[in-house]
S.K.: 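My structure is below; once you've seen it, I'll send some questions.
Just so you know, ligand 1 is whichever comes first in the structure, and atom 1 is the first atom listed for that ligand. The chain is numbered in sequence order, starting from 1.
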Amino acid sequence: MYIKSINLKNFRNYENQFIEFSPGKNIIYGLNGQGKTNIIEAIYFFQKGRSYRSQKDKEIINFKKEYAKIEASFEKENSKSDAFIFISDKKSIKVNGIQIDKLSELVGEYSMVIFTPDYLNLIKEGPGVRRNFLDNFISQIKPVYFKNLINYYRVLKQRNNLLKSRNKNIEDTLFLWDEKLSSIGVEICKMRSAAIEKINESVNLINGDNENIEIIKILYSPSIKGDYCDKENFLNQLKNSRERDLEKGITMTGPHRDDFDIFMNDINIKKYGSQGQMRSCVLKIKLSECEIIKEKTGEEPILLLDDILSELDEKRRKFFLDKIKNRQVILTCTDKEDFFEEECKLFHVEKGKIY
Ligand SMILES: Nc1ncnc2c1ncn2[C@@H]1O[C@H](COP(=O)(O)OP(=O)(O)OP(=O)(O)O)[C@@H](O)[C@H]1O
Ligand SMILES: [Mg+2]
């Protein structure tokens, strides 16, 4: 799929801006602080119905205005899709004129994969970043996963509230929450494990130069020990950690504490990988994310690349640009001279205006 156009009204430093994209490569260039990432943010808003940069929707409204509006036209494999987002004190989202009541209805509607400058955090940071990556990825290929996740976190919150309440005689109620948590939890674990296997199958097909083949393997590290597909086992572990949970006032076991480890040629890359190896590794994982989304949904995802190519050496940049051919790419950079001999549509950004 590709995005044909976007119309920004009072979005960050854009007061009124219409942009028409090419279905191929689009290069948004300009100096720091001019509004390049803001465009990536506006496009990606349609993926989840919220910003990937701000927790609060209102932060995207231009400082001097009361509301913001983003309209976009997408072209899919066999259909068109128009979307509309309005943000003031409330948020309203429409797809083809139909109001979206829950953000879960939007999941999977627009396929996009984003690379931002902090993409190395997938390796370097804590497990939350890796869970987010998985959650986002699986939701795009299996919308039911997103529903499970919302349910899981709802039940988890209720269980934690109960633990914190320190009421006596909570055993029966706790048992009810444990039942629910383990039913949904097992489904989440299964889907995470399957998604990781899928990435493992696909990631090593994306090989760079043959002299230096790096075999990447991701190992799921679930918080539930033993058979995480077995509800009884899940329940038992909740039961076993109950005393500790009560003491801490939070649930210490379950998919909300999952992680995964990434190995390159059998070496744990977080502990021993070089900066360059980490970059190759994440890029390949993200590329395989695109391939799997394409395979599972039939739609080529839109690639949003925010200022990442400047960090790659010549060889990696060439490799990467070669791999992202034949799909829509929206790429930001500070210097357009950097990399393009190829055909692409150029947009120069200056102080919230496109030239
Ligand atoms: N709500 C807002 N209202 C008005 N302007 C805003 C708002 N939020 C951010 N900005 C402005 O947007 C600009 C930053 O835009 P953006 O992050 O897109 O820059 P950039 O071109 O990607 O820069 P860099 O090259 O440094 O990454 C800043 O000047 C900032 O003050
Ligand atoms: Mg930026």
S.K.: Any protein N or O within less than 3.5 Å of an N or O in ligand 1? List each pair with its distance, or say none.
M.R.:
from	atom 1	to	atom 2	distance (Å)
ligand 1	1 (N)	Glu59	O	3.0
ligand 1	1 (N)	Ile61	O	2.9
ligand 1	3 (N)	Arg12	O	3.4
ligand 1	3 (N)	Phe63	N	3.0
ligand 1	8 (N)	Arg12	NH1	3.3
ligand 1	12 (O)	Asn38	ND2	3.2
ligand 1	15 (O)	Asn38	ND2	3.1
ligand 1	17 (O)	Arg53	NH1	3.4
ligand 1	17 (O)	Arg53	NH2	3.4
ligand 1	18 (O)	Lys36	N	3.1
ligand 1	18 (O)	Thr37	N	3.0
ligand 1	18 (O)	Asn38	N	2.8
ligand 1	18 (O)	Asn38	OD1	3.1
ligand 1	18 (O)	Asn38	ND2	3.4
ligand 1	19 (O)	Gly35	N	3.4
ligand 1	21 (O)	Gln34	N	3.1
ligand 1	21 (O)	Gly35	N	2.9
ligand 1	21 (O)	Lys36	N	2.9
ligand 1	21 (O)	Lys36	NZ	2.9
ligand 1	22 (O)	Thr37	N	2.9
ligand 1	22 (O)	Thr37	OG1	2.7
ligand 1	23 (O)	Gly33	N	2.7
ligand 1	25 (O)	Asn32	ND2	2.9
ligand 1	25 (O)	Lys36	NZ	2.7
ligand 1	26 (O)	Asn32	ND2	3.3
ligand 1	26 (O)	Gly33	N	3.3
ligand 1	29 (O)	Gly33	O	3.1

S.K.: We want to know whether Tyr29 and Thr332 form a side-chain donor-acceptor pair, criterion being a heavy-atom distance below 3.5 angstrom.
M.R.: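 No, no side-chain donor-acceptor pair sits under 3.5 Å.
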S.K.: Is Lys217 salt-bridged to Asp266, going by a charged N under 4.0 Å from an acidic O?
M.R.: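 The answer is no: the pair does not qualify as a salt bridge.
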S.K.: Under the salt bridge (Lys or Arg N to Asp or Glu O under 4.0 Å) rule, collect the residues that match up with Arg12, sequence neighbours excluded.
M.R.: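 With neighbours one apart ignored, the set is Glu41.
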S.K.: Is a salt bridge present between Asp245 and Lys248, judged by a nitrogen-to-oxygen distance below 4.0 Å?
M.R.: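 Result for this pair is no, no salt bridge flagged.
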S.K.: Show the numbers, then the answer: is there a side chain to side chain donor-acceptor pair (under 3.5 Å) between Ser221 and Asp259?
M.R.: CA-CA 5 Å; Ser221 171; Asp259 198 358; 5.8 Å; no
S.K.: Can you confirm whether the side chains of Ser92 and Gln99 place a donor and an acceptor under 3.5 Å from each other?
M.R.: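 Yes, a side-chain donor-acceptor pair sits under 3.5 Å.
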S.K.: Taking Arg242 first and then Asp178, would you say they form a salt bridge - that is, a charged N and a carboxylate O separated by under 4.0 Å?
M.R.: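 Answer for the salt bridge query: yes.
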S.K.: Determine which pairs satisfy ring pair (Phe, Tyr, Trp, His ring centres under 6.0 Å) with at least one residue from residues 141-188, sequence neighbours left out, and list them in order.
M.R.: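 Ring pair (Phe, Tyr, Trp, His ring centres under 6.0 Å) check on residues 141-188 returns Tyr152-His256.
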S.K.: For the Mg ion (ligand 2), report each protein N, O or S atom nearer than 2.8 Å, sorted by chain and then by residue number.
M.R.: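 Thr37 OG1, with waters left out.
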S.K.: Between Ser81 and Tyr110, does any side-chain donor sit less than 3.5 Å from a side-chain acceptor?
M.R.: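 There is such a pair (donor and acceptor under 3.5 Å, judged by atom type) between the side chains of Ser81 and Tyr110.
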